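Working notes for the structure below.
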Protein chains: 6
Amino acid sequence: MQLQLSTWPEVEAYLAKSKAILIPIGSTEQHGPNGLLGTDALCPEIIARRAGDQAGILVGPTFNVGQAQHHMAFPGTITLRASTMIAAMVDWTQSLTRHGFEKLYWLNGHGGNIATITAAFSEIYHGVTFDKHGHNQSALRCNLRNWWELPQVVDISRQLFPVGEGVHATPSEVSVTWFGYPEAVNQVEMSPRIAPSGPILDAEDYRRRFPDGRIGSDPSQASPAAGEKIVSAAVKAVIAEFKEFAAG
Amino acid sequence: MQLQLSTWPEVEAYLAKSKAILIPIGSTEQHGPNGLLGTDALCPEIIARRAGDQAGILVGPTFNVGQAQHHMAFPGTITLRASTMIAAMVDWTQSLTRHGFEKLYWLNGHGGNIATITAAFSEIYHGVTFDKHGHNQSALRCNLRNWWELPQVVDISRQLFPVGEGVHATPSEVSVTWFGYPEAVNQVEMSPRIAPSGPILDAEDYRRRFPDGRIGSDPSQASPAAGEKIVSAAVKAVIAEFKEFAAG
Amino acid sequence: MQLQLSTWPEVEAYLAKSKAILIPIGSTEQHGPNGLLGTDALCPEIIARRAGDQAGILVGPTFNVGQAQHHMAFPGTITLRASTMIAAMVDWTQSLTRHGFEKLYWLNGHGGNIATITAAFSEIYHGVTFDKHGHNQSALRCNLRNWWELPQVVDISRQLFPVGEGVHATPSEVSVTWFGYPEAVNQVEMSPRIAPSGPILDAEDYRRRFPDGRIGSDPSQASPAAGEKIVSAAVKAVIAEFKEFAAG
Amino acid sequence: MQLQLSTWPEVEAYLAKSKAILIPIGSTEQHGPNGLLGTDALCPEIIARRAGDQAGILVGPTFNVGQAQHHMAFPGTITLRASTMIAAMVDWTQSLTRHGFEKLYWLNGHGGNIATITAAFSEIYHGVTFDKHGHNQSALRCNLRNWWELPQVVDISRQLFPVGEGVHATPSEVSVTWFGYPEAVNQVEMSPRIAPSGPILDAEDYRRRFPDGRIGSDPSQASPAAGEKIVSAAVKAVIAEFKEFAAG
Amino acid sequence: MQLQLSTWPEVEAYLAKSKAILIPIGSTEQHGPNGLLGTDALCPEIIARRAGDQAGILVGPTFNVGQAQHHMAFPGTITLRASTMIAAMVDWTQSLTRHGFEKLYWLNGHGGNIATITAAFSEIYHGVTFDKHGHNQSALRCNLRNWWELPQVVDISRQLFPVGEGVHATPSEVSVTWFGYPEAVNQVEMSPRIAPSGPILDAEDYRRRFPDGRIGSDPSQASPAAGEKIVSAAVKAVIAEFKEFAAG
Amino acid sequence: MQLQLSTWPEVEAYLAKSKAILIPIGSTEQHGPNGLLGTDALCPEIIARRAGDQAGILVGPTFNVGQAQHHMAFPGTITLRASTMIAAMVDWTQSLTRHGFEKLYWLNGHGGNIATITAAFSEIYHGVTFDKHGHNQSALRCNLRNWWELPQVVDISRQLFPVGEGVHATPSEVSVTWFGYPEAVNQVEMSPRIAPSGPILDAEDYRRRFPDGRIGSDPSQASPAAGEKIVSAAVKAVIAEFKEFAAG
């Protein structure tokens, strides 16, 4: 059940039985020679929508531009300042809590978002839930889940790509997007086959260290079929975790 | 050509021949008894992607949550504060101009966004383009186009829905979303058939005046077939206008 | 009754019978070869003060610097960033509502302000009136009235200046300021007599297109006598509209 | 020479011979039983405009709402948050420096503004004048002058009101406004004749300590004639100081 | 009793008997050829901690970086923007009031902080204490005390340094830091012995006027023994004033 | 070499040979029944100052209040909003880079700070280093080091406290503070000896789950002697890492 494809009476009816919502959150940033700029937004969206359809979970619109400062030396990357991202997440949360939502499950697709999302949670707890006596209202809970760290996903990625998974522009995430958007399959020869590894500093340093954008990965291994397996595992795991969170 | 479904080398190649990009911008807000909460984001997205495919225009990610304060009494609506929306639009613009984009064509789906988008343009021109001598860099141009005001769209909407087009949750916009998402077709009897009209003030006043969310419209007339006609006219008009803007 | 020329006990007495206040809001920006930089602040101020005197309406201080980014290539123009203007309008509103005012009638003198004022209203409704349950307090109402769009003003301007009214540095607004400040009458030959028209983009582009600042107008037609007629019509119309708003 | 009553070519001509401008800055706040809410904005405006006329000094629009949080328990008071006032002063300054102004002489009418104006100067020096090498551009200078502290004004106030000058709603400032606006003369019996003195804390404490708004003053001594003497002395002193500042 | 060296149960116990806390606030900025960069933070800290130990006053962490824009041309100086300093002071206050503190005694070590601290108090009173009816909660009180202006300190400084106390990098403040940190004693010949005086404008102007950073002072007179006398007087005075404030 | 205990000429001399600085950053928050509220600021400060003394590293003032929203249900905790912390870190960085510092090594004492520090680095790289062509200046590098994660510290903590190290109010951090401040040793019987573990959500939930503030730890094992060992190992490791960072 996608919020954007629902009517307000349908959301009103949903709220009568659940106060929980799933929000895909990602980034728009380079993903190497054959990975899509939308990869980090599309992966959680693909997983979330399937989870929503299978389990009747309400899935919000995708927060599709995030924290991508370190990818800014590659064309097409779009980034928010950390403070803007915090302000926007506060607004989304304030809107949803006004309607009665109390459990916000953010399904994240980008490692670089983790810090700012976590900082935003502090700001949300600080500002949204302070009442005039200074107490936190206990109802609101925000949960951050990085889809690629779901144990079931970790397992299947290791089986599929024992070598060359890497940390950016991974065959796993590329596979997920190709499963979701088969028209985007785009086989490119990688050189070197496995990209270099190293620390992530700022934008221009990043491009010097990782000239084609990949870190430690060989995404030429990606395939829609692999994506299907990963998505299937992820959907199952997200549904289970979301239900526990919604009930908790 | 969707930015999110492109790789960075593809965007780099695009930039070699064009400095212009089209960005769908909308809102997530109630659209009456049978209109989708995502209507105002989906309409420009549907039109933009078709225009992008037909004419090789690069289409950015959709700015999908906007200024919807006055719809906040209906569940599912999500709004940014005006100041947050301005900050986010500044960040998107700053990212794109860094890569060399100079012409930003924002295809808007929500009347309530117009003021804040226009305010954001002032902030963008103020902050992004000031150099140290206080001069504006002349290269950057932002263009706001409300899809429903394209003359070609106005014409066809008048033919299709001479009575009951109204101003919110219109049969035209509902038709566009149903054309894009046929699975969302949802026929509901409207009562009264044509919704009341009146001024738009704040959220709770809005719901008092317009209890089911519509203003002046009868969206029970909507159909995917009507949507197809509207989209077809809009795509043609957007392509022409975008090309002129990109060249200008 | 001007707030700045009243004592606090007088305002306290006013509040006992009315919760409505009129606030002139304008801009400080170039108005062509013979128009005053203060035109857009002075026009609503001139009209408001007369309306206040005639009908006992409380008139607040003039919000005299607004959104004038596109006029910044002409010396003397002063602009706020959109976000600053929103913050300041929020503060004025918060102060007035604390004293019990519930109806704020903003009499605007500048087309370029409309977007930011409208955005500020959303921010005001969002922030000022949210109580801890997320409901809007229904009492506060903000009204935006552009004085030059009052039907009675439109009529008389058309009679007085059937040709060359234009859209910036118009003979109507110049006439109003000359009626208010006869010492500022300043006849200048216009060349060309009627200024060019065209889109308003950013500052330096504006000056390129409209080298003396005017758009579509011939303000050499202006006169204090014409100003008196316009002001007289505007005052009557504002009084009527304000009373209805205050009562509504 | 008032900026708001000048045309842009006149300001352009002024800039060819001077880079200095005088900006009246005040507050809109209670001034006791017979003092005007606009007193702190009107006093520097009255003095500034006369100085401008006599000496050809360009006088900007009046920054008419300031820092008046501690007067908020009296109806009619309007206050900015300190952070908003800083942002607005930064914007005014940035606009003026773009046109080439380098010396900003702020003529202040409100003791409660001093701290925030001073803080704004730091923010201005920090942000406006930092170039990319981190150096301050040496041209910009901001000067704060509290009109009531001009030695010539202090002298004449002491002669006119040896007893009961006090610190808020003083006979001197009331006299200045009555000289400027004779129609506002408003004799009220003061009880007690001389208001109590004490510390200024927050709004409700202020009203408890100073129930009619005055501090230490007896403004029943005010008169337009006294105002004329004070204004005359102040104008002379401001002209001299401004010229030195402009030249320095 | 230092908050940072206390446990939370100890602070809970303290709150049962007192709602007052002392917060040292200073700056990190150049203090001439032999003065420490931390002088303005260390002086109030040294005094506060001794006062805390002697009188059982709870002393918060030191707010150690303040408003030092005008010292930025000297290496090692660190400054906050005024708006950042206000935001941080609001946050500290909001945290402390949540725990039940109602009297915040800020012991300041830097003249350049006074304006921004005062502006922050307005912002604090505006934002922290506004309840939904717009009333100030009367409980919170902020007190600003500049240690060097305590009458007892003024007296002893005059005795110790009748000539060459000056206003920046004074022998008094240098003595206090040397008493607190004897290892930092650092005798340097001053040239000229007494530094020049003059107005404080922006950073580079400051360094031009005062090439070694001092204003009007001869800190070669400083000594730990003098520091001990000053600290002893200051501690006594602060304890007395704090107790009165806490009780008031 | 502490910046706060140095003079500006000493910092100027330091800058001639090194562009690197070490900044301790922590938090002021509850640390269980016997841990100090300042623990997370004091630990990096203790380690940093010793490293500074031994290796001639310049150590900045301690950023002593951080992100502690989740500890706010315990008296004495002070927190910044995430957005304030980001703004302050931007200001510190901007000040230091102006003087020529290029390598900022932040030695962090609080797990809850990691997200906001990382978000601040993005904001710093975005804003501080953008030049007008949109390029990052490559010189500035920020490094985050959590002292308790230094491999040498992990090793020694495991040896000293194989059971009951836990994750908040750990015997290791308590030992470090007791080594630094022996007067604060404060033996309290823990009940239960080892605190419960579980997720960290918001403030009141935290206190419900962890009633005395500890998570998973038994800090009754702490001792100054253990602290000395940990500090000794940490100092050595920090010096080595800082030197590599400064050189790199």
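Every chain is numbered from 1, with letters handed out A, B, ... down the list of sequences. All values reported here derive from a predicted model rather than from experimental measurement.
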Is any residue of residues 79-86 of chain D within less than 4.5 Å of chain E by heavy atoms, and which ones? D:Thr79, D:Arg81, D:Ala82, D:Ser83, D:Ile86
Aromatic rings E:Phe74 and E:Tyr206: how do their planes relate, parallel, tilted or perpendicular, breaks at 30° and 60°? perpendicular
Do the rings of D:His110 and D:His71 sit parallel, tilted or perpendicular, given the 30° and 60° boundaries? tilted
Given side chains that start at C-beta, do those of D:Phe101 and D:Leu58 come closer than 4.5 Å, heavy atoms only? yes
Top of D:Cys142, D:Ala119, D:Ala68, D:Pro199 for chain E proximity - count of heavy-atom pairs under 4.5 angstrom: D:Ala119
Tell me yes or no: between the side chains of D:Thr62 and D:Glu45, is some donor less than 3.5 Å from an acceptor? yes
Return the OG to CD distance between E:Ser27 and E:Gln69, rounded to the nearest 0.5 Å. 11.5 Å
E:Asp40 (side chain) donor-acceptor with E:Gly26 (main chain) under 3.5 angstrom: no
